[in-house]
Amino acid sequence: MRFNGGSVCIGGPSGSACFPWPEFWVYAGSATLLLALVLGVLLWDARRVPTPSEAARRANRHATLASVVGIAMLVIVLMWMAFAFVLGARPTDGRVAASLPALAGACLLAAQAVGQLTWPRPSGSRREAELAPRGVADVTPSWPRRLGIVWAGASLVLLGVFALVADGPRSLVREAGRYSEAIGPYPGWYYGVPMALAVLVTVGAAELVLRMIATRPAVAGVSAEWDLHLRRRSAAHVTRGIQLVLAITVAGILVAAGWVHLSLGHDYVELASGGFADEGSPAQGYLGGALLIAALCVVLVGLAGVVIPQGRGRRKAPAAVGATVIS
Amino acid sequence: MRITLDLDSSTAQYEQIRAQVVALITAGALQEGDRLPTVRVLSADLGIAAGTVARAYRELEAAGQVTTRRRVGTVVTAPTRPPGRTHELAHQLVSTARDEGIAPQDLIDLVRSALLTSTPHASA
């Protein structure tokens, strides 16, 4: 970042983007406000959990820390990606840019994985355990997880379709008489292969982290319901964040394809008599528009998947009183 | 429904787990078809080696108390009730001991001493 008179210039691999101070403060302020809002909601949700014992307090703090760090990194990467595209400072290699949502997801998962691996182990000479099975399905909210799988499936299908449709590894060709023009970036195999790998790795890593949440040691001295509630909160942060990342991936694919098809919908040719005629393909234009609208819908559904609360019965933390012990 | 583990006890950890699961099965708290937690989950909750829990489950399976199936996990099989009036008398003994304020460990010691000192009846 450098200062140029009354402007702030932020450099990227493709060059610098300079804008006046007031505009800079608007962007920086918006980013800070969004991050503060997200973290504020997380901390408020954590404070609502009753923690009458020291072990419960420590467990709640540990789980909240993992979630706060992971979600903060996710939001920062996504905001950086958004501003980079808006300000024209995106990475020169489109494959890197295409994998940025997966990077955001990786940050979230890495923070949660560290949180689970460093979870306090049972101590003391007297230990207790619930004799009830516990798996990923018991701790994971169903609909965010299903939504994530839908996004992952949709991205793989779209990447496959566009790779087949593409005229080259990353473009569509506009034929106009004796000349042809390659229009891109189009999600052909050049972008499709790394993106598909990123999606598969993200889904696999998310399942692994959910398994870690399900199998981490139980909190001592609390009821089984309280312990389960804490696990479900961690799992909800993971599934909601990952489904958002995958939704952004799908939207990115649709936008990239949509812009190219929209471009093919218009081909202005200079007439001998003066003026221009549009010899583009209306069908391509409509297809491009439809893909862009679909991208917007996907983003809105993905954002809704983050903010829509779970059912009332699952949101409220139960009492943390320990269960009766049979010995 | 919980089990406890006393790391300072002279009884082996796997034996403590095995005995408590058997007691729950005999008491009807665990019924046929009930799933037990996986070895990994139970060992994480108790903070002990997975091999210890695995041994307890093996012992239970060898005694026919549980069965382990792929993708299903460890499942309780039909509980074996002692024949005759023993089961009923055992419950009466526990109830009487509680009424008289005898601690569970003292009652267990009492039963053990009875087992050591009593002479077996000649079979008919």
Side-chain angles (χ1 to χ4, degrees), chain A residues 53 55-56 58-59 62-63 113 115-140 207-228 230-232 234-235 318 320-327, chain B residues 1-11 13-31 33-50 52-53 56-57 60 65-66 68-69 71-76 94 103-108:
Chain A
S53 72
R58 272 190 272 114
H62 193 102
Q116 306 317 311
L117 289 171
T118 58
W119 195 265
R121 291 177 59 82
S123 60
S125 60
R126 196 168 165 83
R127 314 265 176 96
E128 298 172 0
E130 191 74 18
L131 258 192
R134 189 172 70 230
V136 173
D138 298 309
V139 306
T140 308
E207 286 297 309
L208 195 65
V209 170
L210 290 174
R211 197 171 297 271
M212 291 168 79
I213 292 171
T215 58
R216 75 185 183 204
V219 181
V222 299
S223 67
E225 291 75 24
W226 192 94
D227 182 77
L228 200 58
L230 200 65
R231 292 177 200 273
R232 284 179 176 154
S234 298
V321 177
T324 302
V325 169
I326 297 174
S327 63
Chain B
M1 188 165 38
R2 290 189 171 192
I3 59 170
T4 59
L5 195 66
D6 185 356
L7 300 187
D8 292 335
S9 171
S10 55
T11 308
Q13 293 171 10
Y14 78 89
E15 174 57 30
Q16 292 182 53
I17 297 171
R18 187 205 68 80
Q20 288 178 70
V21 172
V22 168
L24 289 169
I25 292 172
T26 306
L30 281 173
Q31 298 183 355
D34 286 347
R35 284 175 55 216
L36 296 182
T38 61
V39 167
R40 188 173 174 180
V41 165
L42 189 56
S43 64
D45 288 352
L46 291 173
I48 58 176
T52 304
V53 176
Y57 280 12
L60 288 165
Q65 303 279 2
V66 303
T68 301
R69 298 176 206 145
R71 293 185 182 181
V72 175
T74 304
V75 177
V76 175
V94 169
Q105 191 55 50
D106 292 337
L107 177 61
I108 291 171

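A, B, ... follow the sequence lines: proteins, then strands. Residue 1 opens every chain.
For the atom pair CG of B:Leu60 and CD1 of B:Ile17, the computed distance is 9.5 Å after rounding to the nearest 0.5 Å. Rounding to the nearest 0.5 angstrom, the gap separating the OG1 atom in A:Thr215 from the CG atom in B:Leu42 is 12.5 Å. Atoms CG and CD1, from B:Leu36 and B:Ile25 in turn, are 7.0 Å apart once rounded to the nearest 0.5 Å.
Of the listed residues A:Pro217, A:Ala129, A:Ala218, A:Pro122, the one with more heavy-atom pairs under 4.5 angstrom with chain B than any other is A:Ala129. When each of A:Ala132, A:Gly124, A:Ser123 is checked for heavy-atom pairs under 4.5 Å with chain B, A:Ala132 comes out on top.
Judged as a salt bridge (Lys or Arg N to Asp or Glu O under 4.0 Å), and not counting sequence neighbours, A:Arg127 has no contacts.
For A:Arg134, the parts lying near chain B are the backbone and the side chain together; criterion is any non-hydrogen pair under 4.5 Å.
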